[in-house]
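Working notes, beginning with the structure itself.
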There are 2 protein chains.
Amino acid sequence: MRGSPTVSLPPKESRRPLTLRDVSEASGVSEMTVSRVLRNRGDVSEATREKVLLAAKTLGYVPNKIAGALASQRVNLVGVVIPSLSNLVFPEVLSGISAELEDTGLQPVVGVTNYLPEKEEAVLYEMLSWRPSGIILAGLEHTEAARAMMVNSGIPIVEIMDVDGAGVDSVVGISHRRAGRQMAEAIIAAGYRKIGFLGTKMPLDHRARKRLEGFEEGLAAAGLTIADKDFYSGGSALKKGREMTEAMLARTPDLDFIYYSNDMIGAGGLLYCLEQGIDVPGRLGLAGFNGVELLQGLPRRLATMDSCRREIGRKAAEIIAGRPHQGLIGGEVIELEPIIELGDTIRTA
Amino acid sequence: MRGSPTVSLPPKESRRPLTLRDVSEASGVSEMTVSRVLRNRGDVSEATREKVLLAAKTLGYVPNKIAGALASQRVNLVGVVIPSLSNLVFPEVLSGISAELEDTGLQPVVGVTNYLPEKEEAVLYEMLSWRPSGIILAGLEHTEAARAMMVNSGIPIVEIMDVDGAGVDSVVGISHRRAGRQMAEAIIAAGYRKIGFLGTKMPLDHRARKRLEGFEEGLAAAGLTIADKDFYSGGSALKKGREMTEAMLARTPDLDFIYYSNDMIGAGGLLYCLEQGIDVPGRLGLAGFNGVELLQGLPRRLATMDSCRREIGRKAAEIIAGRPHQGLIGGEVIELEPIIELGDTIRTA
DNA sequence: ATGAAAGCGCTAACAA
DNA sequence: TTGTTAGCGCTTTCAT
């Protein structure tokens, strides 16, 4: 021991953020060596290491990643672009992404588009201007400009949730078209024939649209068409499910099945039917989509299809995190298989 | 017109991100002027403006905010630190923040802590290292190191959701202690006397804890204590609400009220009671907390208290966005008033 | 094991 | 209205 290092705090008045230089001066070690210590890089003697660490901690130094990123040309950020946070589905995807990124040193940064292509373009532009390590974004439909930006960015891009279409780079998701078709087939197999559809009025929710198209294809294959359909926008999904189910049953009383575009309105419909004493699934069958946890607490399990949200997030993050190691050129397409859950609201043959 | 500007695309091979210099060369204008055009700053003649814009667009130039931020010492990012995204409450706060920040040029960046103080500290450190314009974070309880970092950062800090305690800088929220007390008073006023409590087992959810404490204070003021209480962790809140309500009623059959720590488990309890044909609110009263939209779709409106989530987000963002203009030194404390909603599950005198 | 020099891509400040 | 000169705070590279 040759005397403990002397570290004196600067006057509390100096509101200027601390720099490496401050730590350097306080510890009597060159900026370069301080930098090395703080990043655990290269060989540094244990003695200097401790001196530096002490000084940094005492001063309350927080590195400036902006300068670091500019110098190193590396940014440990992953941009995540999603349409909404209130949809419940997206926070779950995010949670999968966070979990996978946990120990990679990468940090997700979220941007929300409200299902607007122009907003998506703006968010993307903003994100790319921070030169992130990769971008994960929902859907395959984007403005031409957005697509061009992504291609030109030179970073890995993963489009998630949907595989029905062409991606810019990598793609991880399910086929909503197929999901719709499969549900139609299951419903028909169970003997239902007069089928209604209830969904959200969102022309820009391409996945919901594809599901409906697939559903109609499935019905068509059996010579059927949708007997009644309706769309809502805004408000509590649960409440809307109730109200619209009531309205639809009043309008088309001989309906024997209702397919909902998501579990929330489906749950609303289910609650309504149970209250009315309607025989579910005997007289009327019901099904939703997503496989949300909420359904577990309902009096009866609504038929649904798991949309593999967490898994999609995980895989997407894995691609971004793994790309550098594996030296991949990109262009992977991963299609997950949603599992149909008949629950208690589709009768079994 | 002296001939349209000639802009030639670089060979598609150059995967190097474009710089201001590239735009400068392509347009025959100095980097500085290009910079001015791209930021709409200073006086630039319409002719050069167009030349530059064309070149930038043709090349597909995306500015490098890292360099820009380093040079200008300004970062248009606001760090938002929250415990969870699956709690539904936090996405709503976020949505308030986003809405308020919409036209300010500021961008929220989200970090999630999973209710862990050490994780919060780490997230905060990471965020501060990007030198954001401000930080919004949930709660008043932080590690000493976290508090120190925030104080030293020199940027506006807004702690949200809770006002029961001392903040580092500004604070926007409600008093959960008071909310608990008010609910106790309302319940007692309605004539209930044998009261149970059902909540989440989260020692680090300080707001839920304070609510319970306030609730117990309220009961104590009337000479009452909680007759039965239980806590859960994990799983579907709706389902847990069902199961735990059943268990509690079996254990303490003469209970005449159950107070739930959130609306989701409350909704589960309500659904259970209705199924069992229990007279709500006659024989048993129920209340939750948060005022979530979901409740609108339930067969009966659960009593609750609105926790002003969006408003909290808005106000917090307003403080961050407004600070520079108004030259405030900070330290504002804004306490919002949650409104009690008796719904259909507390009997009226 | 440590240090010195150069420069990442942009913008503030000043000059013309 | 436009251009020039210095950095911003860090890391890379090379020297010692």
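Lettering of chains follows the sequences in order, A, B, ..., and the numbering in each one begins at 1.
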Atom-to-atom span, [atom1] of [X] to [atom2] of [N] - whole angstrom:
{"X": "B:Lys65", "N": "D:dC8", "atom1": "NZ", "atom2": "C1'", "value": "17 Å"}
{"X": "A:Asp43", "N": "C:dT2", "atom1": "CG", "atom2": "P", "value": "9 Å"}
{"X": "B:Glu31", "N": "D:dG7", "atom1": "CD", "atom2": "P", "value": "17 Å"}
{"X": "B:Arg41", "N": "C:dA13", "atom1": "CZ", "atom2": "C1'", "value": "14 Å"}
{"X": "A:Leu38", "N": "D:dT12", "atom1": "CG", "atom2": "P", "value": "14 Å"}
{"X": "B:Asn40", "N": "C:dT11", "atom1": "CG", "atom2": "P", "value": "12 Å"}
{"X": "B:Arg131", "N": "C:dT11", "atom1": "CZ", "atom2": "P", "value": "19 Å"}
{"X": "A:Arg21", "N": "C:dA5", "atom1": "CZ", "atom2": "P", "value": "13 Å"}

Practice task
Could you tell me whether the side chain of B:Ser95 and the main chain of B:Pro91 form a donor-acceptor pair under 3.5 Å?
Solution key: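 Side chain of B:Ser95 to backbone of B:Pro91: no pair is present.
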Exercise for the section: Indicate yes or no for a side-chain donor-acceptor contact from B:Asp169 to the backbone of B:Pro156 under 3.5 Å, with no hydrogens or angles considered. Expected result: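 Between the backbone of B:Pro156 and the side chain of B:Asp169 there is no qualifying donor-acceptor contact (under 3.5 Å).
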Handout entry: Under 3.5 Å side-chain donor-acceptor pair for B:Glu121 and B:His142
Key =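 Judged by distance alone, the side chains do not pair up.
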Practice task
Establish, from distance only, whether the side-chain atoms of A:Thr48 and A:Ser45 form a donor-acceptor pair under 3.5 Å.
Solution key: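 There is such a pair between these side chains.
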Practice task
Take B:Met32 and B:Leu70, find for each the nucleotide of DNA chain C with the closest heavy atom, and name the residue whose nucleotide sits nearer the 5' end.
Solution key: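 Taking each residue's closest nucleotide, the earlier one in sequence belongs to B:Leu70.
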Under 4.0 Å, counting only non-hydrogen atoms across every strand here, what does [X] touch: a base, just sugar-phosphate, or nothing?
{"X": "B:Arg74", "value": "sugar-phosphate"}
{"X": "A:Asn64", "value": "sugar-phosphate"}
{"X": "B:Arg39", "value": "sugar-phosphate"}

Given [N], is OP1 or OP2 found less than 4.0 Å from the side-chain N or O atoms of [X]?
{"X": "B:Tyr61", "N": "C:dG9", "value": "no"}
{"X": "B:Ser30", "N": "D:dG3", "value": "yes"}
{"X": "B:Ser35", "N": "C:dT11", "value": "yes"}
{"X": "A:Thr48", "N": "C:dT2", "value": "yes"}

If you only use heavy atoms from C-beta on, which nucleotide in [options] is closest to the side chain of [X]?
{"X": "A:Gln73", "options": "C:dC8, C:dT11, D:dC10", "result": "C:dC8"}
{"X": "A:Ala71", "options": "C:dC8, D:dC8, C:dA1", "result": "C:dC8"}
{"X": "B:Thr33", "options": "D:dT12, D:dT2, C:dC8", "result": "D:dT2"}

Problem - Which residue lies more 5' along DNA chain D, comparing B:Arg49 with B:Ser72 via nearest heavy atoms - result: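 This one resolves to B:Arg49.
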Practice task
Report yes if the side chains of B:Leu38 and B:Tyr61 come closer than 4.5 Å at any heavy-atom pair, otherwise no.
Solution key: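 They are in contact (side-chain heavy atoms under 4.5 Å apart), so the answer is yes.
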Exercise for the section: Count the heavy atoms of every other residue, nucleotide or ligand shown that sit under 6.0 Å from CZ of A:Arg39, and state whether that count exceeds 12. Expected result: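 Counting other residues, nucleotides and ligands, CZ of A:Arg39 exceeds 12 neighbours.
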Practice task
Record whether the side chain of A:Arg36 comes under 3.5 Å of the base of C:dG3 through a donor-acceptor pair of N or O atoms.
Solution key: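 Pair found.
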